[in-house]
Visitor: 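Sharing a structure here in structure tokens format.
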Amino acid sequence: QVQLVEFGGGLVQPGGSLTLSCVVSGHTSSSFSMAWFRQAPGKERAFVAGITLSAAYTRYKDSVKGRFTISRDDAKNTVSLIMNHLKLEDTAVYYCAAVDGGVVGTTPRTYTYWGQGTQVTVSS
């Protein structure tokens with residue numbers, strides 16, 4: 001079956017950088033649109049960034065535009081999220097998500113497959 005596994009979370013100071021990776025197994029990632037969501041304590045899971053098939057289109061949450069970059073390497077069945085200039089409010093569990101086809105939706109129900117999440121903590 002399809003599995004998504006995230007890597008790269010951790011503790012970073014404000015202004016720092018982290019790169020998250022999501023590896024897809026059980027299916028080739030090239031047929032999936034992929035996205036990153038995050039969920040802070042007491043809040044709903046929220047869209048962060050998404051990328052369509054062949055990286056034809058990317059979409060970002062307004063508050064991360066210019067700081068975060070989503071990319072994919074289908075030869076490695078991997079999607080990445082480069083996070084720069086991190087802020088305290090970026091602290092959350094980050095989830096990788098996938099759906100068959102070319103639509104990058106911003107709601108969790110758009111996506112069929114989910115990773116287990118990786119913690120990102122921005123703190124001084």
Side-chain angles (χ1 to χ4, degrees):
Q1 72 272 20
V2 176
Q3 289 189 321
L4 280 59
V5 179
E6 301 98 337
F7 299 94
L11 173 64
V12 63
Q13 292 185 337
S17 299
L18 277 177
T19 297
L20 305 182
S21 297
C22 172
V23 179
V24 179
S25 62
H27 197 286
T28 177
S29 65
S30 61
S31 64
F32 289 150
S33 286
M34 305 289 297
W36 289 93
F37 284 74
R38 67 188 182 188
Q39 189 165 18
K43 295 189 176 181
E44 294 186 351
R45 193 168 297 189
F47 176 82
V48 175
I51 189 165
T52 57
L53 305 178
S54 301
Y57 174 72
T58 57
R59 188 173 185 178
Y60 296 92
K61 177 183 178 69
D62 285 346
S63 63
V64 307
K65 286 180 181 177
R67 300 190 297 123
F68 290 11
T69 302
I70 189 170
S71 63
R72 64 189 301 157
D73 183 346
D74 290 327
K76 296 181 179 179
N77 270 9
T78 300
V79 64
S80 298
L81 185 69
I82 300 172
M83 305 185 294
N84 295 320
H85 305 294
L86 282 160
K87 303 178 180 180
L88 296 175
E89 54 264 39
D90 294 319
T91 295
V93 177
Y94 283 70
Y95 296 90
C96 177
V99 62
D100 283 295
V103 177
V104 172
T106 59
T107 58
R109 63 176 179 266
T110 302
Y111 296 87
T112 307
Y113 306 104
W114 290 87
Q116 81 288 349
T118 186
Q119 177 70 47
V120 172
T121 302
V122 183
S123 175
S124 55

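The basis for the numbers below is simple: all heavy atoms, side chains too, and nothing from hydrogens, waters or symmetry mates.
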Visitor: Minimum heavy-atom separation for Asp74 to Ser29, with atom names?
Guide: OD1-OG, 2.9 Å
Visitor: Keeping to residues at least two apart or across chains, list the ring pair (Phe, Tyr, Trp, His ring centres under 6.0 Å) pairs with something in residues 61-98.
Guide: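 Of all non-adjacent pairs touching residues 61-98, none passes ring pair (Phe, Tyr, Trp, His ring centres under 6.0 Å).
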Visitor: Is there a donor-acceptor pair under 3.5 Å between the side chain of Thr58 and the backbone N or O of Ile51?
Guide: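 Checking the backbone N and O of Ile51 against the side chain of Thr58, no donor-acceptor pair under 3.5 Å is found.
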Visitor: Any side-chain heavy atom of Arg38 within less than 4.5 Å of one from Leu20?
Guide: no
Visitor: Enumerate the ring pair (Phe, Tyr, Trp, His ring centres under 6.0 Å) contacts for residues 101-124, please, sequence neighbours excluded, ordered by first and then second residue.
Guide: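 Every pair satisfying ring pair (Phe, Tyr, Trp, His ring centres under 6.0 Å) with a residue in residues 101-124: Phe32-Tyr113, Phe37-Tyr111, Phe37-Trp114.
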Visitor: Going only through I, L, V, M, F, W and Y residues with side-chain contacts under 4.5 Å, is there a path from Met83 to Phe47?
Guide: no
Visitor: Compile the donor-acceptor pairs under 3.5 Å between side chains in residues 115-124 and protein atoms, sequence neighbours left out, one pair per line.
Guide:
unit_1, atom_1, unit_2, atom_2, d
Gln116, NE2, Glu6, OE1, 3.3
Thr118, OG1, Gly9, N, 3.3
Gln119, NE2, Ala92, O, 3.4
Gln119, NE2, Thr121, OG1, 3.3

Visitor: Kindly give the heavy-atom pair with the smallest separation between Cys96 and Met34, and that separation in Å.
Guide: SG-CE, 3.6 Å
Visitor: Which pair of non-hydrogen atoms, one from Gly50 and one from Val104, has the smallest distance, and what is that distance?
Guide: CA-CG1, 3.6 Å
Visitor: Would you name the heavy atoms of Thr110 and Thr106 that are closest together and state the gap between them?
Guide: OG1-N, 4.5 Å
Visitor: Tell me whether Arg72 contacts the main-chain N or O of Thr52 through its side chain, where contact means a donor paired with an acceptor under 3.5 Å.
Guide: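 Confirmed, Arg72 side chain pairs with Thr52 backbone.
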Visitor: Transitively linked via ILVMFWY side-chain contacts under 4.5 Å: Leu53 with Leu4?
Guide: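 No, Leu53 does not connect to Leu4 through the hydrophobic network.
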Visitor: Can you name the closest pair of heavy atoms from Gly101 and Ser33 and give their distance?
Guide: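 Between these two residues, the closest heavy atoms are O-OG, 2.6 Å.
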Visitor: Please assess Asp62 against Lys65 for the test salt bridge (charged side-chain N to carboxylate O under 4.0 Å, His left out), listing each intermediate value before the final yes or no.
Guide: CA-CA 5 Å; Asp62 285 346; Lys65 286 180 181 177; 3.1 Å; yes
Visitor: How long is the span from the OG atom in Ser25 to the CD atom in Gln1, to the nearest 0.5 Å?
Guide: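 Those atoms lie 8.0 Å apart.
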Visitor: Starting at CD1 of Ile82, measure out to CG of Leu18 and round the result to the nearest 0.5 Å.
Guide: 11.5 Å
Visitor: Atom CZ of Arg67 and atom NZ of Lys87: how far apart are they, to the nearest 0.5 Å?
Guide: 4.5 Å
Visitor: Look at atom CD of Glu44 and say whether more than 12 heavy atoms of other residues, nucleotides or ligands are closer to it than 6.0 Å.
Guide: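 Counting neighbours around CD of Glu44, 12 or fewer heavy atoms of other residues, nucleotides or ligands fall under 6.0 Å, so no.
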Visitor: Flag yes if Leu81 and Val12 sit in one hydrophobic cluster, no otherwise; membership is Ile, Leu, Val, Met, Phe, Trp, Tyr, and two members link when side-chain heavy atoms are under 4.5 Å apart.
Guide: yes
Visitor: Honestly curious: do Val2 and Val79 fall in one hydrophobic cluster under the side-chain, below-4.5 Å linking rule?
Guide: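 Linked, Val2 and Val79 end up in one cluster.
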Visitor: Nearest 0.5 Å please: distance from the SG atom of Cys22 over to the CG atom of Asn77.
Guide: 10.0 Å
Visitor: Measure across Val24 and His27 and return the closest heavy-atom pair with its distance rounded to 0.1 Å.
Guide: CG1-O, 3.6 Å
